[in-house]
Novice: 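Can you read through this structure? Questions will come right after.
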Amino acid sequence: MIRRLNSFFLPLNLSIAILIAAIAVPVSGKVFRLFGGTDPEVFLNGTLPWDHAYRTQMTVNGRQATVNMYAARYSEPVVEQLKNRFEEMGAKVQVARSEHGATGRAVWPDRVIGFIVMSPPSEPMHQVFIYEPESGDRSAPARFPVPEYRNGTTRTTISDDDTKTFMAIAETYDSSTDIHSFYSRELQGSGWSLVAPATARNGTIGGMAVYMKGSQVCYVQSTDKPGQPNMVTLLVKGGRL
């Protein structure tokens with residue numbers, strides 16, 4: 001499984017691939033294999049044609065949460081499978097889709113489970129993150145290790161202190177050129193080096209840029225989506241390229 005996930009280092013999904021690679025190895029005994037069971041209340045109970053993946057504890061939107069990560073073939077209708085499976089478990093499901101995946105929530109009277117599906121058309125697999133905040137844990141503001149893009153709305157933050165990994169997904173109506181210009185100015189002004197620039201084409205800047213500072217790597221990705229909010233994906237991790 002790790003070998004398959006590590007093969008996903010392609011431009012459209014580089015940030016998610018590195019996040020998976022960073023957390024899909026055992027760290028202080030905290031990460032372990034998941035195996036399907038028969039309990040109807042267990043999400044991956046052997047009824048879905050997905051690969052087994054991993055479970056770990058991370059901070060999602062400022063709260064401690066159990067995060068389950070799965071991979072599924074691109075031919076599988078993953079979002080529909082998610083929705084149907086959660087509804088079988090008695091939840092009301094809310095889904096927001098895009099051409100590169102979906103985000104959503106499964107809501108019960110006493111708990112909420114969130115999910116993210118990353119499905120760039122260039123990739124052979126879906127990557128699915130399913131997270132459930134711990135009960136009774138009060139939310140705290142996420143601590144961004146680099147400047148937050150504030151002219152927009154941060155939808156999701158995921159962080160893990162053990163692997164020094166941080167990811168944020170935000171939406172904004174600013175152009176990808178504005179976003180990349182902001183991070184170029186802010187990061188290079190605070191000691192980061194640009195090691196792989198975003199793509200400049202016809203007067204616009206889009207795609208992914210990569211920065212380094214010591215042993216840290218920062219990935220900034222945004223591409224214009226005419227008539228729709230642009231998605232900003234920010235990933236910071238400790239370690240080398």
Novice: Are side-chain heavy atoms of Val236 and Gln216 found at a separation under 4.5 Å?
Specialist: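 Answer yes - side chains close enough.
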
Novice: Cluster question for you: counting only ILVMFWY and a side-chain heavy-atom cut-off of under 4.5 Å, with indirect links fine, are Trp192 and Leu194 together?
Specialist: yes

Novice: For residues Glu148 and Phe182, report the shortest heavy-atom separation together with the two atoms involved.
Specialist: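 Looking at all heavy atoms of both residues, the shortest contact is O-CZ, 3.9 Å.
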
Novice: Closest approach of Gly62 and Thr157, non-hydrogen atoms and distance?
Specialist: N-OG1, 4.0 Å

Novice: Identify the residue among Leu82, Ile130, Val95, Thr103 that makes a side-chain contact (heavy atoms from CB on, under 4.5 Å) with Val117.
Specialist: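 Result for side-chain contact (heavy atoms from CB on, under 4.5 Å) with Val117: Leu82.
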
Novice: Are Pro77 and Gln81 close enough that some pair of their side-chain heavy atoms sits under 4.5 Å apart?
Specialist: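 Heavy-atom side-chain distance check passes, below 4.5 Å.
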
Novice: Between Lys83 and Glu80, is there a salt bridge with N-O shorter than 4.0 Å?
Specialist: no

Novice: Would you indicate whether the side-chain heavy atoms of Leu187 and Pro147 approach each other to under 4.5 Å?
Specialist: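 SC-SC contact between Pro147 and Leu187 confirmed.
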
Novice: Which heavy atom of Ser176 sits nearest to which heavy atom of Gly206, and what is that distance?
Specialist: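 Answer, listing the atom of Ser176 first, then Gly206: OG-CA, 3.8 Å.
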
Novice: Going through the checks in order, is the side-chain contact (heavy atoms from CB on, under 4.5 Å) test met by Tyr211 and Gln188?
Specialist: CA-CA 8 Å; Tyr211 299 83; Gln188 293 188 86; 4.1 Å; yes

Novice: Let me see the working for Met58 and Tyr131 under side-chain contact (heavy atoms from CB on, under 4.5 Å), right down to the final yes or no.
Specialist: CA-CA 9 Å; Met58 302 183 77; Tyr131 54 90; over 6 Å; no

Novice: Once rounded to the nearest 0.5 Å, what's the spacing between atom NZ of Lys92 and atom CZ of Arg105?
Specialist: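 These two atoms lie 12.0 Å from each other.
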
Novice: Looking at every non-hydrogen atom in both residues, tell me the closest pair between Phe166 and Arg143 and how far apart they are.
Specialist: CE1-O, 3.7 Å

Novice: Do Trp108 and Met89 have side-chain heavy atoms sitting under 4.5 Å apart?
Specialist: yes

Novice: For side-chain contact (heavy atoms from CB on, under 4.5 Å), just list the numbers for Ile179 and Tyr149, CA-CA rounded to whole Å, side-chain angles, deciding distance to a tenth of an Å, and then say yes or no.
Specialist: CA-CA 8 Å; Ile179 295 159; Tyr149 196 80; 3.9 Å; yes

Novice: Look at atom CG of Asn202 and say whether more than 12 heavy atoms of other residues, nucleotides or ligands are closer to it than 6.0 Å.
Specialist: no

Novice: Side-chain contact, heavy-atom cut-off 4.5 Å: Phe129 with Asn68?
Specialist: no

Novice: May I ask you to check whether Asn230 and Asp174 show a side-chain donor-acceptor distance below 3.5 Å?
Specialist: no

Novice: Find the distance between CD1 (Ile205) and OG (Ser184) and round it off to the nearest 0.5 Å.
Specialist: 7.5 Å

Novice: Looking at every heavy atom in both Glu132 and Val112, which two are closest together, and how far apart are they?
Specialist: CG-O, 4.0 Å

Novice: We want to know whether Thr66 and Gln57 form a side-chain donor-acceptor pair, criterion being a heavy-atom distance below 3.5 angstrom.
Specialist: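 Yes, because at least one side-chain N or O of Thr66 sits under 3.5 Å from a partner of the opposite role on Gln57.
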
Novice: Between Thr154 and Phe144, is any pair of side-chain heavy atoms under 4.5 Å apart?
Specialist: yes

Novice: What residue among Val60, Thr59, Thr165 forms side-chain contact (heavy atoms from CB on, under 4.5 Å) with Ser159?
Specialist: Thr59

Novice: Within the structure provided, determine whether Phe115 and Phe86 are in side-chain contact (heavy-atom separation under 4.5 Å).
Specialist: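 Yes - at least one pair of side-chain heavy atoms lies under 4.5 Å apart.
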
Novice: Quick one: do the Ser181 and Asp178 side chains pair a donor with an acceptor below 3.5 Å?
Specialist: no

Novice: Are Cys218 and Leu235 close enough that some pair of their side-chain heavy atoms sits under 4.5 Å apart?
Specialist: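 They are not in side-chain contact.
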
Novice: Would you call the rings of His126 and Tyr74 parallel, tilted or perpendicular if under 30° counts as parallel and over 60° as perpendicular?
Specialist: parallel

Novice: Rounded to the nearest 0.5 Å, how far does CD1 of Ile158 lie from CG of Asn61?
Specialist: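 Going from the CG atom of Asn61 to the CD1 atom of Ile158 covers 7.5 Å.
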
Novice: Taking all atoms of both residues into account, what is the closest heavy-atom pair of Lys213 and Gly191, and its distance?
Specialist: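 The pair with the smallest heavy-atom distance is CG-O, 3.8 Å.
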
Novice: Supply the atom-to-atom distance Met125 CE to Tyr70 OH, rounded to the nearest 0.5 angstrom.
Specialist: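 Output value for this atom pair is 14.0 Å.
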
Novice: Might you work through the side-chain contact (heavy atoms from CB on, under 4.5 Å) test for Thr233 and Tyr219, ending with a clear yes or no?
Specialist: CA-CA 8 Å; Thr233 301; Tyr219 305 84; over 6 Å; no

